[in-house]
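Remarks on the structure that follows.
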Amino acid sequence: MRVVERAGLAALRLLDPETAHALALRALAAGLAPAPGPISSPRLAGRAMGLEFPNPVGIAAGFDKNAQAVDAALRLGVGFVEIGAVTPRPQPGNPRPRLFRLPRDRAAINRFGFNNDGMEAIARRLERARRDGVVGVNLGANKDSPDRAADYAAVLRRFAGLADFFTVNVSSPNTERLRDLQGAAALDRLLALCQEARDAAAPGKPVLVKIAPDLSGDELAAIAQVAMRRAIDGIVATNTTLSREGLRSPHAAQAGGLSGAPLFARSTETLRALARLTQGRVTLVGVGGVFSGRDAYAKIRAGARLVQLYTALVYEGPGLAARIVRELDELLARDGFSHVDQAVGADL
């Protein structure tokens with residue numbers, strides 16, 4: 001980590017986490033961060049879900065909810081970024097404070113509640129961006145919507161010409177009853193509606209679903225069955241957890257979703273179970289507790305074709321993204337893999 005980056009992180013930690021994150025995004029957008037551009041190699045570059053990725057490491061939704069630093073994020077060395085979650089109408093989210101650092105655990109707890117500027121404002125920002133890389137949009141629903149499924153489809157249609165893929169987020173723990181949409185019947189209806197909207201407005205573009213790490217084996221099996229029956233393009237495993245097992249930090253009792261290092265084992269086990277259930281028929285995206293190239297590699301060997309990070313950037317700075325990509329490339333070479341595809345599910 002560069003001295004300037006270390007000093008910047010130290011200064012940001014003096015502020016409340018949400019203010020610090022907003023300032024970090026502004027600094028990123030202004031070019032005040034390492035910008036090596038997409039890092040690639042013959043081992044890392046390849047095709048997944050019909051899209052070409054320079055490498056399999058991306059930035060997860062939540063980092064740049066409102067598309068304020070898309071171009072700058074793509075220059076951090078990653079292969080793709082995902083913005084959002086985006087709802088049809090602007091939404092303030094839950095009252096502040098709603099984001100908490102857990103430094104002893106290298107974790108964070110948030111209870112944002114899908115706060116965002118709404119699809120029109122965010123779409124206008126994306127229209128102005130260069131988007132020199134793969135950009136996904138995380139779809140959400142307004143808290144007071146009478147038809148949440150229709151909200152997801154509306155956001156997809158609005159971003160049809162702007163996004164490369166769409167993620168149906170039914171797993172945030174911070175919007176009341178949202179996780180109910182992970183039930184088989186509700187999820188089937190929701191995915192059918194989103195695929196119908198995709199087929200009409202953005203033919204061929206991938207639709208993914210993002211799930212929680214707190215599902216039982218039966219619930220996970222039901223989701224896998226729906227995903228395969230619907231021929232869904234991908235599953236993102238996982239969102240934040242409600243578990244507080246083993247935490248040591250003072251904010252551990254705060255309500256909301258836990259992300260960061262404590263999520264790694266739980267999310268990777270969910271990923272591994274999904275890989276066995278789907279048998280290569282669905283592209284898997286591993287997210288949760290990725291702090292190093294070794295972590296990303298473990299997700300891939302557990303069945304992920306793509307990997308995302310977010311909370312680690314809070315603790316390690318924006319330069320972490322490029323370090324993870326380079327380390328992943330070295331690990332693939334060390335183990336004799338000529339391409340990342342060969343490592344997917346290697347530990348199953």
Side-chain angles (χ1 to χ4, degrees), residues 1 34 36-49 51-60 63 73 76-82 106-107 133-134 136 208 210-211 213 234-239 241 259-280 282-348:
M1 187 186 299
I39 298 170
S40 194
S41 78
R43 278 180 293 272
L44 297 176
R47 193 170 182 84
M49 303 184 300
L51 301 173
E52 295 292 337
F53 294 88
N55 67 68
V57 179
I59 294 178
F63 177 78
L76 291 178
V78 296
F80 64 105
V81 300
E82 185 176 340
R106 293 197 303 163
V134 176
L208 298 79
K210 188 169 187 175
I211 65 169
I235 301 176
V236 183
T238 64
N239 211 319
T241 180
S259 62
L263 181 58
F264 180 80
R266 180 183 290 259
S267 62
T268 305
E269 184 53 42
T270 300
L271 175 67
R272 188 177 293 112
L274 274 174
R276 292 192 177 105
L277 287 164
T278 57
Q279 293 292 305
V282 180
T283 298
L284 302 180
V285 183
V287 56
V290 176
F291 275 73
S292 68
R294 290 183 180 275
D295 293 337
Y297 190 40
K299 297 279 190 188
I300 289 167
R301 292 182 67 102
R305 176 56 180 83
L306 302 169
V307 179
Q308 292 179 317
L309 60 146
Y310 172 8
T311 302
L313 297 171
V314 173
Y315 291 99
E316 301 294 332
L320 175 67
R323 294 198 298 274
I324 286 177
V325 175
R326 292 188 178 107
E327 185 179 348
L328 174 61
D329 196 28
E330 292 168 1
L331 290 166
L332 289 166
R334 181 200 69 183
D335 290 349
F337 293 115
S338 60
H339 193 267
V340 64
D341 283 345
Q342 298 169 347
V344 174
D347 287 342
L348 296 177

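Contact of the Arg47 side chain with the Glu52 side chain is registered, since non-hydrogen atoms from C-beta on lie closer than 4.5 Å. In this structure the side chain of Leu332 never reaches within 4.5 angstrom of the side chain of Ser41, judged on heavy atoms. Looking only at side-chain heavy atoms (C-beta outward), Phe264 and Arg106 stay at 4.5 Å or farther from each other. You'll find the side chain of Ile211 reaches within 4.5 Å of the side chain of Leu274, heavy atoms only. In this structure the side chain of Pro42 never reaches within 4.5 angstrom of the side chain of Ser338, judged on heavy atoms. Counting heavy atoms from C-beta outward, Lys299 and Pro56 have side chains that stay 4.5 Å or more apart.
Note that the CD1 atom of Ile235 and the OG1 atom of Thr283 stand 9.5 Å from one another [nearest 0.5 Å]. With values rounded to the nearest 0.5 angstrom, Leu306 atom CG is found 5.5 Å from Met49 atom CE. Separation of atoms CZ (Arg272) and CG (Leu284) is listed at 12.0 Å; rounding is to 0.5 Å. Atoms CD1 and CG, on Ile324 and Leu76 in that order, are 11.0 Å from each other to the nearest 0.5 Å. We find the CG-CG distance between Leu320 and Leu309 to be 6.0 Å, quoted to the nearest 0.5 Å. With rounding to the nearest 0.5 angstrom, the CG atom of Leu328 is 11.0 Å from the CG atom of Asp295.
Side-chain atoms of Gln279 come within 3.5 Å of backbone N or O of Arg276 as a donor-acceptor pair. At distances below 3.5 Å, not a single donor-acceptor pair connects side-chain atoms of Asn55 with backbone N or O atoms of Leu44.
Residue Ala60 comes nearest to Tyr310 through the heavy atom pair CB-CB, 4.2 Å, listed as atom of the first residue, atom of the second, then distance. Here the closest heavy-atom approach between residue Val344 and residue Ala304 is recorded as CG2-O, 3.5 Å. When every heavy atom of His339 is checked against every heavy atom of Ala45, the shortest pair comes out as NE2-O, 2.6 Å. Closest non-hydrogen pair, Val282 versus Gly234, comes out as CG1-CA, 3.6 Å. The shortest heavy-atom contact between Val307 and Val290 is CG1-CG2, 3.8 Å. Closest approach of Ser267 and Gly288 over heavy atoms only: OG-O, 3.3 Å.
Salt bridge annotation for Arg266-Glu269: absent, with no cationic side-chain nitrogen under 4.0 angstrom from a carboxylate oxygen.
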Phe53/Arg305 under side chain to side chain contact (heavy atoms under 4.5 Å, CB included): CA gap, chis, key distance, verdict: CA-CA 11 Å; Phe53 294 88; Arg305 176 56 180 83; 5.7 Å; no
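By the salt bridge (charged side-chain N to carboxylate O under 4.0 Å, His left out) test, Arg301 pairs with Asp335, Asp347, sequence neighbours left out.
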